[in-house]
Novice: 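Quick one: structure below, then a few questions.
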Amino acid sequence: MNRFIALLLVLVMTSACAGTPTQADIPIQTPPQPVPTTMHDPTSGILQPTEVVAVSTIPVPEDFFSRMNITLPAPVCNGLTQPQMEGPYYTPNTPERNSLLEDEMQGTRLILVGYVLDQNCNPLANAWLDFWQTDANGEYDNVGYRLRGHQFTDLQGRYYLETILPGLYLSRPIEHIHVKVKPQGGEDVTSQLYFPDQPVGGLTITLEERGGHFIGYFNFVVEK
């Protein structure tokens with residue numbers, strides 16, 4: 001009987017030891033790896049979750065330039081487009097459109113075309129441009145969005161704007177068109193465009209008369 005009890009105790013102790021895991025038996029628990037998010041490095045160039053990536057909903061029609069018989073000269077880059085003051089009449093959140101023309105709008109029609117290029121003269125697709133200007137009488141619309149609108153370059157980095165020649169604003173004896181340009185993922189540049197009768201170095205539109213209206217050429221060069 002004593003031998004039976006002793007044998008039983010041996011079996012119980014052996015079973016208990018076999019059921020106790022050793023350090024080698026315990027699986028190594030790998031801590032969960034952090035999932036990369038756009039918040040981990042604000043300086044990395046990755047957009048923050050709160051930043052909206054604007055994409056054109058009105059692409060430049062592929063046939064616009066051929067239909068209007070417009071051939072863009074090969075891009076030439078002579079430095080970055082110079083920034084100029086925004087002025088007091090900028091209005092954000094303009095409608096997206098390539099044409100600022102409206103029924104019964106007075107003035108001489110102007111079609112402004114060109115590229116948005118980076119500092120290496122490479123065309124930039126989906127670059128944002130926001131234009132605003134006076135009407136033929138030199139007046140800004142500060143209530144609505146008349147002669148105001150934004151657009152995006154096409155896959156070839158081209159833009160076009162249908163508008164009118166701006167009139168003289170009372171305190172500025174020089175016609176001009178305001179513009180903001182922002183490459184995708186870059187910083188915006190605010191500037192102004194001028195005309196050949198009162199040129200400003202690096203910011204003067206090249207004009208071509210087309211029987212009652214004008215074609216203007218200007219390339220924006222921005223840092224990407």
Novice: With sequence neighbours excluded, tell me which residues meet salt bridge (Lys or Arg N to Asp or Glu O under 4.0 Å) with Asp118.
Specialist: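 Result, salt bridge (Lys or Arg N to Asp or Glu O under 4.0 Å) vs Asp118: none returned.
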Novice: Going by heavy atoms in the side chains, are Thr206 and Phe218 under 4.5 Å from each other?
Specialist: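 A side-chain contact is absent here, since even the closest heavy-atom pair is not under 4.5 Å.
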Novice: Please tell me whether Phe220 and Tyr159 form a close aromatic pair, meaning their ring centres lie under 6.0 Å apart.
Specialist: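 Yes, the ring of Phe220 comes within the 6.0 Å limit of the ring of Tyr159, centre to centre.
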Novice: Please collect all ring-ring contact (aromatic ring centres under 6.0 Å, His included) contacts where either partner lies in residues 84-111, sequence neighbours excluded, each pair once.
Specialist: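 For residues 84-111: Tyr89-Tyr140, Tyr89-Tyr169, Tyr90-Trp132.
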Novice: If hydrophobic clusters are built from ILVMFWY residues whose side chains come within less than 4.5 Å, do Met105 and Phe214 share one?
Specialist: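 Same hydrophobic cluster.
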Novice: Give a yes or no on whether Gln106 atom CD has more than 12 heavy-atom contacts from other residues, nucleotides or ligands under 6.0 Å away.
Specialist: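 Check fails, neighbour count at 12 or below.
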Novice: Could you walk me through whether Arg148 and Thr91 pass the side-chain hydrogen bond (donor to acceptor under 3.5 Å, both in side chains) test, one step at a time?
Specialist: CA-CA 8 Å; Arg148 299 174 182 271; Thr91 300; 3.3 Å; yes
Novice: Is the shortest side-chain N to carboxylate O distance from Glu86 to Lys180 below 4.0 Å?
Specialist: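 Looking at Lys180 together with Glu86, the answer is yes, because their closest N to O distance falls below 4.0 Å.
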Novice: Is there a continuous path of hydrophobic side-chain contacts, each under 4.5 Å between heavy atoms, that joins Phe65 to Met68?
Specialist: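 Yes, Phe65 and Met68 fall within the same hydrophobic cluster.
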Novice: Does any part of the side chain of Glu175, heavy atoms only, come nearer than 4.5 Å to the side chain of Leu168, both counted from C-beta?
Specialist: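 In contact.
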Novice: Determine, for Arg109 against Glu162, whether the closest basic-nitrogen to carboxylate-oxygen distance falls under 4.0 angstrom.
Specialist: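 So Arg109 pairs with Glu162 through a salt bridge.
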Novice: May I ask you to test the Asp188-Val181 pair for a side-chain heavy-atom distance under 4.5 Å?
Specialist: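 No, their side chains stay 4.5 Å or more apart.
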Novice: I'd like to know if Asp135 and Arg146 make a salt bridge, using a cut-off of under 4.0 Å between side-chain N and carboxylate O.
Specialist: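 Between Arg146 and Asp135 there is a salt bridge, with a charged N closer than 4.0 Å to a carboxylate O.
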